[in-house]
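Scroll down for the structure; my scribbles are underneath it.
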Amino acid sequence: MRRLLPALLVVAGWALLALLVGRLPLEPDRIDLERILLSPLAAGGLGFDDLGRPVLDRVLTGARTSFLVAFGVVALSAVPGVLAGSLAGYLGGRLDAGMVLVMDVFLAFPGILLAIALAGLLGPGIDNLVLALATVGWVGYARLARAQVLSLRQREHVVAARALGSRAPRILLRHLLPLMSAPLVVEATFGIAGVVIAEAGLSFLGLGVQPPEASWGSMIRDGVRYLLVAPHLVLAPGAALFAVVLAVNLLGDALRDRLDVRSGARERRTAA
Amino acid sequence: MRAWLLTRLLSAAWVVLGVASLVFLLIHLVPGDPVEMMLGESAAAADRQALRETLGLERPLLAQWLGFLGGALRGDLGQSLYNQQPVTALLLEHLPATVELAAAALLVTLLVALPLGVLAALRRGSGWDTGAMGFSLLGVSIPNFWLGPLLVLLFSLWLGWLPVSGRDGIASVILPALTLGTGLAAVLSRMVRSSLLEVLGEDFIRTARAKGLAPLTVTLRHGLGNALLPVLTLLGLQLGALLGGAVVTETVFNWPGIGLLTIEAIQRRDYPVVQGCVLLIALGYVAVNLLTDLLYARADPRVRLGGGA
């Protein structure tokens with residue numbers, strides 16, 4: 001537990017910032033033309049960006065963007081994903097075959113490619129960003145939920161519940177979901193790390209959060225042009241992003257070990 | 001074997017059909033009038049009508065869909081709205097750069113992940129193991145749009161060893177390949193380690209040791225040979241992440257491949273080109289996975305004889 005303390009602190013700080021940033025005396029959009037591109041050494045704090053805005057204030061405000069997007073996307077993809085996957089796995093038949101095909105089609109778009117295309121077509125903005133990432137994200141949860149239901153549906157207590165006349169929704173909710181929660185929680189934890197990177201990535205590509213709204217990804221995008229004269233513009237938001245993702249991944253690893261979820265690697269191997 | 005092959009090919013064909021249909025639908029799924037989005041709200045009515053006709057948007061959706069699939073089969077993906085070039089020609093022009101980058105990144109991945117994973121497994125619990133797994137955690141956590149600029153800062157701007165961006169000679173591929181390969185190497189080294197650890201606990205390893213084979217032969221031939229099978233599948237799956245990540249990496253380094261073309265086309269609202277790029281990358285991914293599955297089945301009879309994979 002002590003080893004996890006730094007990670008817990010980072011995640012707690014991230015969440016706290018996201019909730020409190022509106023009340024802090026931050027001025028992420030204040031332009032100070034005298035201080036354009038000043039380094040942290042010359043100006044204190046984390047220096048100033050190409051418009052003379054304080055980098056520290058912008059990094060702190062960016063925490064809210066990434067937090068809101070991460071939890072929004074994970075909620076919007078986990079709930080429908082688990083629902084679709086577990087229903088398909090439980091009911092089987094044509095519904096299941098169709099769902100598998102749909103999932104395979106979505107999974108055929110590597111990484112964030114489909115999200116990039118969707119966000120590009122939907123146009124910039126944080127709502128469209130969340131929509132694009134959730135449209136791509138539900139598949140992972142659906143696949144996991146389906147696999148779990150398939151392996152659990154012949155358990156004795158499920159068969160007993162079915163024999164007693166319980167209907168599918170009740171069985172899924174009361175008898176299957178509790179058993180599936182451990183792997184789903186682990187998946188969602190890694191999902192948060194993934195979405196934080198994806199949000200920043202799309203914003204880096206200019207497809208996400210729009211100026212002047214602060215996002216770590218768009219800060220890196222803007223800072224790259226001044227890499228030689230003002231590396232702090234790229235270093236500061238990147239370090240914040242990296243710290244959050246690393247902390248969430250560490251927690252995910254610890255959760256997986258604690259909840260004793262078999263890693264995908266093992267499952268694949270035994271399945272083969 | 002033949003039944004397995006047929007099933008596998010058939011499911012791949014369905015997926016290809018689904019992928020092409022989804023790419024076709026991309027424009028229509030998006031709320032609003034695609035023509036208005038492409039031209040902007042201030043466009044003249046005549047221009048809109050002309051574009052509508054060029055894209056065939058007047059026809060029923062089913063006819064458009066069949067037209068798109070038929071065109072794709074013939075290698076005709078329409079024209080760029082930006083410079084009127086055929087989309088296929090644009091794709092072919094940008095493909096070599098992406099293939100080169102992906103191959104170089106794959107090389108980086110294997111050169112890093114194999115030794116690191118093997119070392120971590122053989123020296124389990126030691127400092128080597130901790131270090132390798134620490135690298136793995138860092139590698140999956142660092143986004144490539146941050147790693148890229150960091151490498152540029154260090155190797156191009158401060159040390160002046162390598163070019164900042166562009167595609168000009170062998171030196172220019174090093175930084176993009178490192179950027180793109182690191183994440184994959186991180187995932188893969190973990191996989192090599194766990195897979196090798198599992199195999200080294202098997203009975204046939206004990207037998208090989210008992211009959212007096214050299215430790216190196218046991219580890220490499222009997223251990224690694226078997227451990228690499230699941231790694232191969234993962235590599236195929238992760239190659240997708242590599243192709244997706246190429247979009248970001250190519251943007252960072254201004255690398256003139258399919259990824260950069262995608263982003264430029266999105267910025268120009270050149271939707272036929274966006275569709276073509278997404279379709280090409282997704283189909284490449286499907287093909288790679290089909291290929292890894294076939295390789296796997298060839299290497300491991302349990303897959304093709306056991307019925308399920």
Side-chain angles (χ1 to χ4, degrees), chain A residues 100-102 104-123 128 135 190 193 196-198 200-202 204-207 216-217 220-221 223-224 227-228 231 234-235 237-239 241-250 253 263-266 268-269 271-272, chain B residues 11 14-16 18-19 21-23 26-27 29-31 37 137-138 140-143 145-146 149-150 152-153 157 190-191 194-195 198 229-230 233-234 239-245 247-248 251-252 262-263 266-267 271 274-275 277-278 281-283 285-286 289 296 300 302-303 306 308-309:
Chain A
V100 169
L101 181 62
V102 170
D104 279 350
V105 167
F106 271 85
L107 290 172
F109 295 92
I112 62 168
L113 178 70
L114 192 57
I116 289 175
L118 270 175
L121 293 174
L122 287 168
N128 288 339
T135 307
F190 288 120
V196 169
I197 291 191
L202 289 177
F204 174 83
L205 294 172
L207 301 173
W216 294 334
I220 296 177
R221 168 193 173 86
V224 163
L227 204 50
L228 187 58
V234 168
L235 294 178
L241 177 66
F242 183 48
V244 165
V245 173
L246 188 62
V248 174
N249 275 335
L250 271 168
D253 275 349
S263 71
R266 270 187 86 92
R268 255 194 294 279
R269 182 160 163 71
Chain B
S11 86
W14 275 110
V15 169
V16 166
V19 164
S21 306
L22 190 58
V23 167
L26 270 180
I27 286 189
L29 284 177
V30 171
M37 292 208 308
L137 189 65
L138 292 181
V140 289
S141 301
I142 195 163
F145 52 90
W146 193 48
L150 287 186
V152 167
L153 193 61
L157 297 178
R190 213 182 248 227
M191 182 75 185
S194 68
S195 179
E198 197 164 323
L229 280 176
T233 306
L234 186 79
L239 215 62
L242 194 102
L243 290 171
V247 178
V248 174
T251 311
V252 171
T262 312
I263 296 302
I266 285 176
Q267 281 161 356
Y271 292 137
V274 177
Q275 284 181 313
C277 291
V278 173
I281 298 179
L283 291 186
Y285 183 40
V286 172
N289 271 311
Y296 198 129
D300 187 346
R302 284 172 301 180
V303 176

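This is a predicted model, so every value here is computed, not measured. Quick note: numbers below take in every heavy atom, side chains included, and nothing from hydrogens, waters or symmetry partners. In what follows, every chain begins at residue 1, and chains take the letters A, B, ... in the order their sequences are listed.
When A:L202, A:V248, A:L228, A:V244 are compared by the number of non-hydrogen pairs under 4.5 Å with chain B, A:L228 comes out ahead. For chain B, the option among A:L118, A:I116, A:V224, A:V102 with the highest count of heavy-atom pairs below 4.5 Å is A:I116. In terms of heavy-atom pairs under 4.5 angstrom with chain B, the leader among A:L227, A:V245, A:V196 is A:L227. Taking chain A as the reference chain and counting heavy-atom pairs below 4.5 Å, the highest number among B:I142, B:L283, B:V274, B:V23 is found for B:I142.
Across every non-hydrogen atom of A:L107 and B:Y285, the tightest pair is O-CE2, 3.2 Å. Taking all atoms of both residues into account, the shortest heavy-atom contact from A:P110 to B:A282 is CD-CA, 4.1 Å. Across every non-hydrogen atom of B:S141 and A:I197, the tightest pair is O-CD1, 4.0 Å.
For B:F145, the parts lying near chain A are the backbone and the side chain together; criterion is any non-hydrogen pair under 4.5 Å. Neither the backbone nor the side chain of A:A115 has a heavy atom closer than 4.5 Å to any heavy atom of chain B. For B:I263, the part lying near chain A is the side chain, with the backbone staying farther off; criterion is any non-hydrogen pair under 4.5 Å. Looking at A:L101, only its side chain comes within 4.5 Å of chain B, counting heavy atoms on both sides. Only the side chain of B:L22 comes within contact range of chain A, judged by heavy atoms closer than 4.5 Å. In this structure, no portion of B:V16 lies under 4.5 Å from any heavy atom of chain A. Both the backbone and the side chain of A:A108 have a heavy atom closer than 4.5 Å to some heavy atom of chain B. Interface remark: A:A200 contributes backbone and side-chain atoms alike to the contact with chain B (heavy atom separation under 4.5 Å). Residue B:Q267 touches chain A through its side chain alone, counting heavy-atom pairs closer than 4.5 Å. With a threshold of 4.5 angstrom between heavy atoms, B:L150 approaches chain A through side-chain atoms but not through N, CA, C or O. Only the side chain of A:L207 comes within less than 4.5 Å of a heavy atom of chain B; its backbone N, CA, C and O stay farther away.
Between atom CD1 of residue B:I266 and atom CG of residue A:L121 there is a gap of 6.5 Å, rounded to the nearest 0.5 Å. Here the CG atom belonging to A:N249 is positioned 10.5 Å from the CG atom belonging to B:L138, to the nearest 0.5 angstrom.
Applying the salt bridge (Lys or Arg N to Asp or Glu O under 4.0 Å) test to B:R190 and every residue at least two apart in sequence or in another chain returns A:D253.
Not one N or O on the side chain of B:W146 forms a donor-acceptor pair closer than 3.5 Å with the backbone of A:G217.
Using a 4.5 Å cut-off on side-chain heavy atoms (C-beta onward), A:V105 and B:W14 make no contact. A:L113 places a side-chain heavy atom less than 4.5 Å from the side chain of B:V247. Taking 4.5 Å as the limit, every side-chain heavy atom of A:V234 sits out of range of all side-chain heavy atoms of B:L153. Looking at B:P143 and A:L241, their side chains come closer than 4.5 Å, going by heavy atoms from C-beta outward.
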